[in-house]
S.K.: 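Submitted below is the structure of interest, expressed as structure tokens.
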Amino acid sequence: MAEHTFKLPDIGEGIAEAELSDWLVKVGDVVREDDVICEVTTDKATVEIPAAVSGKVTWLGGKAGEVMAIGSDLIRIETDETVEIVAQPEPEVATAPEPEAKAEAAPAPVEPAKPAAPRRPAPSPAIPLARNASGRPLAAPSVRGRARELGIDLRQLRGTGPAGRILHEDLDDFLAHGPDTRGGGGLVRRTGTEEKRVTGVRRKIAERMALAKQRIPHFSIIEEVEVEALEELRAKLNQRFGADRGKLTMLPFLLRALSEAVVDHPEINAHYDDEAGVITRFEALHCGIATQTDTGLMVPVLAHTEARTLWDTAREIKRLSDAARERRIGPESLSGSTLTVTSLGPLGALATTPIINHPEVAIVGVNKMVVRPVWDGQAFVPRRMMNLSCSFDHRVVDGYVAAEFVAKVKSLLETPAMLFMEWRDE
Amino acid sequence: MNELRCSLLVIGGGPGGYVCASRAARLGVDTILVEGQRVGGTCLNIGCIPSKALIHAAELYHNAVQQAGTGMQGITVSAPRLDFGQTQEWKTGVVDKLCNGVAGLLERSGVKTLKGWARFRDGKTVEVESETGPVLVRADNVVIATGSVPVELPGLPFGGRILDSTAALALPQPPRRLAVIGAGYIGLELGTALAKLGSEVTMIEAGPNILPQYDDKLTRPAKRRLEALGIALRLNTKSTGWDDATGVLTLQGEDGEERLEADAVLVTVGRRPATDGLGLGELNLRLNGPFIEVDDRCHTSMRGVFAIGDVTPGPMLAHRAMAQGEIVADVVAGHANAWDKACVPAVCFTDPEIATVGLLPSEVPEGVATKVSEFSFRANGRALTLDAAEGFVRIVARESDHVILGIQATGPGVSELVSGFALAIETGLRVEDVAGTIHAHPTLGEALQEAALATASMANHG
């Protein structure tokens, strides 16, 4: 028999610490080599740590949610030929009490107030109908039988007994006074709360959002864009190439427009290192694509957007967002963005106030496309319209520059031929 | 053809049928009961009662053998002898006494009993092929309570050395080598009893475990006991053939084919509703597989036709049939009654016994948080004095209000604890109610209180 101690391994990127987001084993479990024992979250990604040997877990080095230094003791596993893999270990019969378990005496469940009055105090508003093991109203068989004889549906009553159990007294009360309608005409107060530890990806999101909002003085510009021409072009391209190259959404066109617009406005496509006081402008557009996943918001990065065709862009966005949703995206695809786009598709609302992805200096939000009446000088005509909601870091981007940038994007989208015509005349 | 009229006709005199008929008659309903064999049904004649008698006798003999060997608690006896004929006679006496009791009960209640086989003509008319010729019964209400029969395996038709549970209970001698196909509770009960009576038993189970409806932990003591009794257990194994001339059973297991010589083969792979020849084709009843669908008053989809017991969907247990019989008697007599049970207790008379009521931990619906607590009989004084300390009592309670949703136990005499378990669940008790009830010391029942205390506050001996 031997006990092995395993340390939190270096999971790349030269990081010094990582958050232990979840244990998948507990003390006493028997694990096999390569079984996943825990999940660890770094700045960029969640990594699963496998067991290095088969054996029985004897000690865990931290709790879920704790930040641990790389190289600190993570787990101890006892290897022993006699430990039976797969079979559940039989818990020892407790001959000596475990002090810790004893100390945690269970809190008694909340009991409704005990009544004794002509009309029994209303137990109902806060208490939903208590149900027994088979899902029926919680009541003794004698109470159920009497209710049946009286033709009373027990679901109309709220019990005043322990755990909301319906008593004979409750039936008497119902007979004398009818259904208890006090407390809101059938509407029931909901009183439950749920506490959830903020760990893993969610904690990372919280930290980054707080950082961005604390440091960056945001201002937003909301501009409307007429997309009739763009939509027509998109429909034709999909008709012509959709079968072979896949359908295009609005997003690749917007990214094309941004690739062009940042050439005239390099101050938008930049990082501001506020501690060093340095602005880095990028020639390349590495576009962050805000993506909703089960674990929360993630921002995979579409590198060199400026050098991609519409279809290439579409395919790459799909690959990245699928990888993010399936949690198999690597840290390299989650870093290095220079400008971020956030789009909620059909949920896109009228306008939004996006938060800048620090240390970037701007973010482009896409709102929902709708048909609106537009005055063309003689009549109202229906036009497909879409708003863009962009936020900027006012420390380094002036309002005038931002407005120019938005106007440029608008003009490119409204005259989509320009998207493909503005190559430099070298 | 003779014609009879009545308000209630009960087809089948098993626990469901005789309870229904007797109760209805005493409530003033004009009742006829039809039974092709002796009243008492499977339970009394060829099921629960004779098997429990045999299990008890087997246990006594097994203890005597132990005492003749190394001794038990300092007691030794000289070579014990088994006169199996006398054992069977005693068992038959018990069965006779109970069946006569049922016949007497029906008579006292005012039930007219017809001996014969019933066949529906339509929903209100039943033809009975009786000893004294055919009788036509016209009834306002008919109850189908025909029970169930063992399922045969293809290639192993019952008869000769291929036994169903009925034949296994009527053996003149324990077979020298017995193969039992199907490690459900019937196979385990009979296989264990015959092993204790001297048979060399092999249990064959197609699934990965004995009693597959229960969790590993609950069946582990019984499984360990099989081993101690020298019963060979072949899991994940199917029987593929039987050569009656040589008495060889062919088995297909994980490690390939195997031949097993046996003097008798007991097939206990399940039971099915006994509705053959009943003329159900004449009725338009809604079925659920082979079972007859019923509502909470045991009404079928046809007006005036009820069904109770093993022919209806649910566990095939005598006490469920009796409860349904009560409901139908009340409904026909014009009283309010309906199925609103929170639980149906179930007991396997294995060694040790296994008892379950309500929900197993694995059966708790999603979204319901539970607290599960256990108390081992190894920390129970009475269990130690009985020299049977293996097993435990387990309580599954809802976390939000500590209402007990399920209780499971395995260990010495837990079949006698199960009524208390069911009472707690049916009346909607919380663990605090059980924990706050003084349980007599030293008794096995203290394990229930201790398990309740573990969730309510802390176990006193845990």
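Naming convention: chains lettered A, B, ... in sequence-line order (proteins, then strands); numbering from 1 in each chain. Computed from a predicted model, the values in this text were never measured in an experiment. Because only heavy atoms are used, hydrogens play no part in the values below, and waters and symmetry mates are left out as well, while side chains stay in.
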S.K.: Count the heavy atoms of every other residue, nucleotide or ligand shown that sit under 6.0 Å from CD1 of Ile438(B), and state whether that count exceeds 12.
M.R.: no
S.K.: Give a yes or no on whether Asp255(B) atom CG has more than 12 heavy-atom contacts from other residues, nucleotides or ligands under 6.0 Å away.
M.R.: no
S.K.: Looking only at heavy atoms, what is the nearest atom pair of Ala342(B) and Ser134(A), with distance?
M.R.: CA-OG, 3.4 Å
S.K.: Just wondering, are more than 12 heavy atoms of other shown residues or ligands nearer than 6.0 Å to CZ in Arg325(A)?
M.R.: yes
S.K.: With only heavy atoms counted, which part of Arg136(A) is less than 4.5 Å from chain B, the side chain, the backbone, both or neither?
M.R.: side chain
S.K.: Not counting sequence neighbours, which residues clear salt bridge (charged side-chain N to carboxylate O under 4.0 Å, His left out) with Asp172(A)? List them please.
M.R.: Arg146(A)
S.K.: Of the non-hydrogen atoms in Arg398(B) and Asn132(A), which two are nearest, and what is the gap between them?
M.R.: NH1-O, 4.2 Å
S.K.: I'd like to know whether CD of Glu227(B) has more than 12 heavy-atom contacts from other residues, nucleotides or ligands below 6.0 angstrom.
M.R.: no
S.K.: Do you know which of Leu405(B), Ile425(B), Leu359(B) has the most heavy-atom pairs under 4.5 Å to chain A?
M.R.: Leu405(B)
S.K.: Quick check on Ile404(B) against chain A: is it the side chain, the backbone, both or neither that has a heavy atom closer than 4.5 Å?
M.R.: backbone
S.K.: Please check: side-chain N/O of Arg165(A) versus main-chain N/O of Thr427(B), any donor-acceptor pairing under 3.5 Å?
M.R.: yes
S.K.: Identify the residues of residues 316-337 of chain B whose heavy atoms come closer than 4.5 Å to a heavy atom of chain A, ordered by number, or report 'none'.
M.R.: Ala336(B), Asn337(B)
S.K.: Counting only heavy atoms not in Asp294(A) (residues, nucleotides, ligands), do more than 12 fall under 6.0 Å from its CG?
M.R.: no
